Amino acid sequence: MTVPEFFGCKVFDDRQMRARLSAKVYASLKETIDNGKKLDLSVANAVAQAMCAWAVENGATHFTHWFQPMTGITAEKHDGFISPAPNGGVIMEFSGKELIQGEPDASSFPSGGLRATFEARGYTAWDPTSYAFIKENTLCIPTAFCSYGGEALDKKTPLLRSMEALNTQAMRILRLFGSKDVKRVVTSVGPEQEYFLVDREMYLKRKDLVYTGRTLFGAMPPKGQELDDHYFGAIKPRVQAYMEDLNEELWKLGILAKTEHNEVAPAQHELAPIYTTTNVATDHNQLTMEIMKKVARKHGLACLLHEKPFAGVNGSGKHNNWSMATNTGVNLLSPGDTPYENAQFLLFLAAVIQAVDDYQGLLRMSVATAGNDHRLGANEAPPAVISMFLGDELNAVLEAIENDTPYAGVEKMRIRLGADVLPRFNRDTTDRNRTSPFAFTGNKFEFRMVGSSNSIACANVMINAAVAESLRQFADALESAEDFDRCLHDLIRDTIKAHKRIIFNGNGYDDAWIAEATEKRGLLNLRTTPDALRPLLEEKNIRMLTEHKVYTESELRSRYEIQLENYVRTVRIEALTMVDMARKDILPAIMAYCSALTDSIERKKAIGSGISFGYESRLAGRLSGLADRIDEAVSVLDGAVKTLDGMEDYVAAADFTRDEIISKMAELRSGCDEAETLTAAEYWPFPTYGDLLFGV
Ligand code: ADP
Ligand code: MG
């Protein structure tokens, strides 16, 4: 079969809906999907029936409400379609009620105390804007997950709300510009996914990879990424076979996997899909991560999605390419052909600039996890300080507006809004800076702080909500303006003036920039998760997010609690894994090697004088010293975990984790890594960095 023939064959997509639903049902469902019309039960019943028939024809026996609880992964509970028939047989059945609403026994999903205040259980509700699909033998129905009180217990609900908030405010602006045919503004995302592939046998020999997704020990091999010979290099046959298989699986699920290449580090790769509606892109990215791992197993590989699987080697992120467009296909972040289109473009641009500056804390918060702390704020791409890159050309335009001076020295190009045409910004001039956390790349923004294992939901919730807030303020001003053109001009100029501190076109990794950003510009530098989560509780942020109905205040407080606890738990598992590996694997290996050395010394002594054993005794001495140091560090770390376990206040526990546990883990690691460099290879108990990074 050719790709167009099998693309989307496991998806109940528009083609299936058109073919299997009556014209009336199809039209009604389309209204729900495109314009958010409420779905009535008769339509739901018809859709459920068609969906079930299609799924059964394609081998499905079960269905599940597929949802994204706050654990960051996806959850599903399978139910069979079978229902007894009067003749003793069974029929395959699925009702509209089952389609639109399910009721998982979800008491073990984190809710940060939310569910207790409402009902014991949550319910799931079909999100008709994301197509149902078949995975293994199960029809998966993309679903939102709420408490009976209506509080969001998942990542999809706030995302849908944030898209709605942005739509509402952007439509107010478009109406002011005289737009009549536009019905909706939709945000789109193309997430570029980075990952590592290692040999599965080796992976299974490392408890740290199996339990925590990253290596907790490991000395640097003689060769790392310094030769830059991996990036865009030829793809190895085994990896090539994996990528082909992966693409096929993703295409069957209607996921537009498009680009693949090797990344900076050895064994690191990237996959980029073609962008789509934020909501669908989020579902697709969750599925992509799952399929990546599954296909890897089939190829004797393990796919590492952790942000920092290897210390000292480039980490993995997810570049979230974000834009807003009308349902008529106009990208609102693309300069247009007429002066009015350009003024509109500049207004939307200004809205994003203001949003990123005003809500830096929330953007930073949206990507805060224990894993991502190893990238952000660790002299790696990108820094924890949020800034925006606009490129020289656009910067010159903004400067001209700010100072009311001619653009590029051409008097004719004086930016009088509503009077001049802007140049087109092609990506060559906009995408040179790879160090910026939030870069304008021609017709979209690329938010580069998202961690490789993160759901992209939270980042997009915050971007959408913050931009909706700028647009609300702009719409308020413009709707009541006496002179629209003047107000528009002043609004753009004043916004640039007020928020230009967030714009930085230089090298984001530079220490001098971090100093300038924090000391001169007053930008936030929240380096660790406990600090980065705090903006969630700030008055100004709560007000914005609740006013736009993206979160309720209790949802925000619960998310703060869940994420903070998640941070503590993640690091705690890492610490315990280190203790286990050091005691059961590393120290015994060092001892075994030391005893081989001392045996040799004994044998040489037995032969008599004249045979030197200085090498063995020096080495055994160094290793014994290291073993003492490791033993001490293990006890200290173990003790710190016990102290942590005794702490009741989760905020204090998170601070203790950051300040005490992590530094003790580093001390233990440094002793073990040094021992690794001194111990004979055959004694070392698990595959090394060199084995893992160059072993595929
Ligand atoms: P790269 O950044 O790797 O050079 P591209 O810029 O071509 O590659 O694309 C990166 C991602 O951005 C892809 O997922 C692509 O589909 C997505 N993308 C392109 N245009 C838009 C847009 N208007 N809105 C959102 N995402 C987009
Ligand atoms: Mg890119």
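Note that ligands are numbered from 1 as they come in the structure, with each ligand's atoms numbered from 1 the same way. Being a predicted model, the structure only gives us computed values, none of them experimental.
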Exercise for the section: Could you go through the side chain to side chain donor-acceptor pair (under 3.5 Å) check for N460 and N320 one step at a time? Expected result: CA-CA 8 Å; N460 288 295; N320 187 85; 2.9 Å; yes

Practice task
Could you give me the CA-CA distance, side-chain angles and deciding distance for N327 and D34, then say whether side chain to side chain donor-acceptor pair (under 3.5 Å) is met?
Solution key: CA-CA 9 Å; N327 65 314; D34 294 342; over 6 Å; no

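The residue from F445, Y275, W322 that puts a heavy atom closest to atom 16 (O) of ligand 1 is Y275. When the heavy atoms of T187, N321, L256 are ranked by distance to atom 12 (O) of ligand 1, first place goes to N321.
In L333, neither the side chain nor the backbone holds a heavy atom less than 4.0 Å from any atom of ligand 1. Here E192 has side-chain heavy atoms under 4.0 Å from ligand 1, and that is the only part of it that gets that close.
If you check the side chains of N454 and K318, you find no donor sitting under 3.5 Å from an acceptor.
Close contacts between ligand 1 and G190 involve ligand atoms 14 (O), 26 (N) [criterion: under 4.0 Å to a heavy atom]. For ligand 1, the atoms sitting less than 4.0 Å from at least one non-hydrogen atom of I274 are 16 (O), numbered in the order shown with element in parentheses. Listed by atom number, the atoms of ligand 1 under 4.0 Å from N331 heavy atoms are 23 (N).
Partners of R501 according to the salt bridge (Lys or Arg N to Asp or Glu O under 4.0 Å) rule, which considers only residues two or more places apart in sequence or in another chain, are D357.
Close N/O approach between P273 and ligand 1 is found [any backbone or side-chain N/O within under 3.5 Å].
The line from OG of S452 to CG of N372 is 7.5 Å long, rounded to the nearest 0.5 Å.
Annotation: side chain of E164 is not in contact with side chain of N464 (no heavy-atom distance under 4.5 Å).
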